[in-house]
There are 2 protein chains.
Amino acid sequence: MDIFHPATEDLDLTSVLQALGDPMRLQIVRLLAGEGEQICGAIDLGISKSTRSHHFKALREAGVTFTRVEGTHRHVSLRRDDLDACFPGLLDAVLQTARVPA
Amino acid sequence: MDIFHPATEDLDLTSVLQALGDPMRLQIVRLLAGEGEQICGAIDLGISKSTRSHHFKALREAGVTFTRVEGTHRHVSLRRDDLDACFPGLLDAVLQTARVPA
DNA sequence: GTAACGGTTCGACGCACATCGAACCGCCCG
DNA sequence: CGGGCGGTTCGATGTGCGTCGAACCGTTAC
């Protein structure tokens, strides 16, 4: 079971919104937007490894992130261009407010 | 238990995204954006009354819609201004792509 | 006053999800 | 080659959600 990424034209608004509609994942997306590509393990939010893996899978399968394998590491990045192409303005709107939390 | 609406400053991104992350509710929002204020019963998507009521409640409690009581009817409308104030561009982005579904 | 109608609430049910620990797999480094 | 590390997968568990029918409530109409 290789890492799956949905095609750009297969991105689904509902799925993306659902993926973004979780505090943990929203935080991950915010971090990826700010810091750029990250190694999976570098992102720790006080959750277990399995839960983290679960969220990354959810984001990836919704088409929000792209995962690149390099050795034992997984490099994760935002699919900014694809998201902007399918849902123009959406990511920006989410990030703009996500950047200013409380 | 009167109809509750969250204050504009209490709107939460995660909650809004979660509310929008459902096909039925997304369809309702799209309809409200296109047709303006609607009576609850005028919106039928092949779901039961109770399910419809449930979705309207979810949208309302997330701050996406405003419900106005008039006699036996409930008039529902989008909280466009409030959403734009809290999450500028978000609603537009969602509607723009939601307008072109399949 | 009584019936009909618009909506809500109440279980109930099934499903999906967030979370965890533990087991597992692949790769790298001694 | 063998151990450790980065990540995934596998149950298991609790919880929340979408859906329904049925019962209920307020208002309007007759």
Side-chain angles (χ1 to χ4, degrees), chain A residues 1-6 12-32 35 37-77 98, chain B residues 1-6 12-32 35 37-77 98:
Chain A
M1 187 192 318
D2 247 313
I3 46 176
F4 165 75
H5 292 95
D12 174 41
L13 216 207
T14 308
S15 307
V16 171
L17 291 175
Q18 222 159 8
L20 261 32
D22 177 277
M24 284 293 169
R25 290 197 288 263
L26 197 54
Q27 209 164 337
I28 293 174
V29 167
R30 181 170 42 148
L31 200 151
L32 288 176
E35 311 286 328
E37 189 184 64
Q38 290 290 304
I39 293 175
C40 226
I43 303 178
D44 246 323
L45 309 154
I47 57 181
S48 67
K49 283 197 304 179
S50 40
T51 304
R52 181 168 37 114
S53 189
H54 163 70
H55 284 310
F56 276 121
K57 187 179 178 185
L59 286 170
R60 195 191 66 231
E61 292 185 340
V64 177
T65 61
F66 177 79
T67 301
R68 180 170 64 87
V69 179
E70 193 173 313
T72 78
H73 298 271
R74 263 77 174 163
H75 296 252
V76 182
S77 55
Chain B
M1 185 194 317
D2 246 313
I3 46 174
F4 166 75
H5 293 94
D12 173 42
L13 217 208
T14 308
S15 308
V16 170
L17 290 176
Q18 222 158 7
L20 261 31
D22 176 276
M24 284 293 168
R25 291 197 286 263
L26 197 54
Q27 209 164 337
I28 293 175
V29 168
R30 181 169 45 146
L31 200 150
L32 288 176
E35 310 285 329
E37 190 183 64
Q38 291 288 305
I39 294 174
C40 224
I43 303 178
D44 246 325
L45 308 155
I47 58 181
S48 68
K49 284 197 303 178
S50 40
T51 303
R52 182 167 35 115
S53 189
H54 164 70
H55 284 310
F56 276 120
K57 187 179 178 184
L59 287 171
R60 194 192 65 231
E61 291 185 339
V64 177
T65 60
F66 178 79
T67 302
R68 179 169 64 84
V69 178
E70 192 173 314
T72 77
H73 298 271
R74 262 78 175 163
H75 297 251
V76 183
S77 56

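Proteins come first, then strands; the chains are lettered A, B, ... in the order of their sequence lines, and each starts at number 1. Quick caveat, the model's predicted, so the values are computed rather than measured.
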In this structure, how many angstroms lie between the [atom2] atom of [N] and the [atom1] atom of [X], rounded?
| X | N | atom1 | atom2 | result |
| --- | --- | --- | --- | --- |
| A:F56 | D:dT8 | CZ | C1' | 13 Å |
| B:Q27 | D:dG18 | CD | C1' | 15 Å |
| A:I3 | D:dG7 | CD1 | C1' | 12 Å |
| B:R68 | C:dG6 | CZ | C1' | 15 Å |
| B:K57 | D:dC20 | NZ | C1' | 16 Å |
| B:L59 | C:dG7 | CG | P | 15 Å |
| B:Q38 | C:dG7 | CD | P | 11 Å |

Considering only heavy atoms from C-beta outward, does the side chain of A:R30 approach that of A:L26 to under 4.5 Å?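 Answer no - side chains too far apart.
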Contact list please: residues 69-77 of chain B against DNA chain C, heavy atoms, distance less than 4.0 Å, in numerical order.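 By residue number: B:T72, B:H73, B:R74.
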Could you go over nucleotides 17-22 of chain C and give all protein N or O partners under 3.5 Å, atom names and distances?
residue, atom, partner, partner atom, Å
C:dA18, OP1, A:R25, NH1, 3.2
C:dA18, OP1, A:R25, NH2, 2.7
C:dA18, OP2, A:R25, NH1, 3.3
C:dA18, OP2, A:H54, NE2, 2.5
C:dT19, OP2, A:H55, NE2, 2.3
C:dC20, OP2, A:S48, N, 3.0
C:dC20, OP2, A:S48, OG, 3.1
C:dC20, OP2, A:T51, OG1, 2.9
C:dG21, N7, A:S50, OG, 3.3
C:dG21, O6, A:S50, OG, 2.9

Step by step, would you call A:F56 with A:V76 a side chain to side chain contact (heavy atoms under 4.5 Å, CB included)? CA-CA 8 Å; A:F56 276 121; A:V76 182; 3.9 Å; yes
When you measure from the side chain of B:R52 to the backbone of B:I47, do you find a donor-acceptor pair of N or O atoms at a distance under 3.5 Å?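 Answer holds: no.
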Taking the side chain from B:R25 and the backbone from B:L59, do they hold a donor-acceptor pair closer than 3.5 Å?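 No.
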Any chance you could measure A:K49, atom NZ, to A:C40, atom SG, to the nearest 0.5 Å?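 Reported value, rounded in 0.5 Å steps: 11.0 Å.
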Could you give the distance from NE2 (A:H75) to CD (A:Q38), rounded to the nearest 0.5 Å?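 One gets 10.5 Å once the value is rounded to the nearest 0.5 Å.
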I need the minimum non-hydrogen distance between A:A19 and A:V64, along with the two atoms involved.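 Where A:A19 meets A:V64 most closely, the heavy atoms are CB-CG2, 4.4 Å.
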Under the criterion side chain to side chain contact (heavy atoms under 4.5 Å, CB included), I'd like the reasoning laid out for B:L20 against A:L13: C-alpha separation, chi angles, the key distance, then a yes or no. CA-CA 9 Å; B:L20 261 31; A:L13 216 207; over 6 Å; no
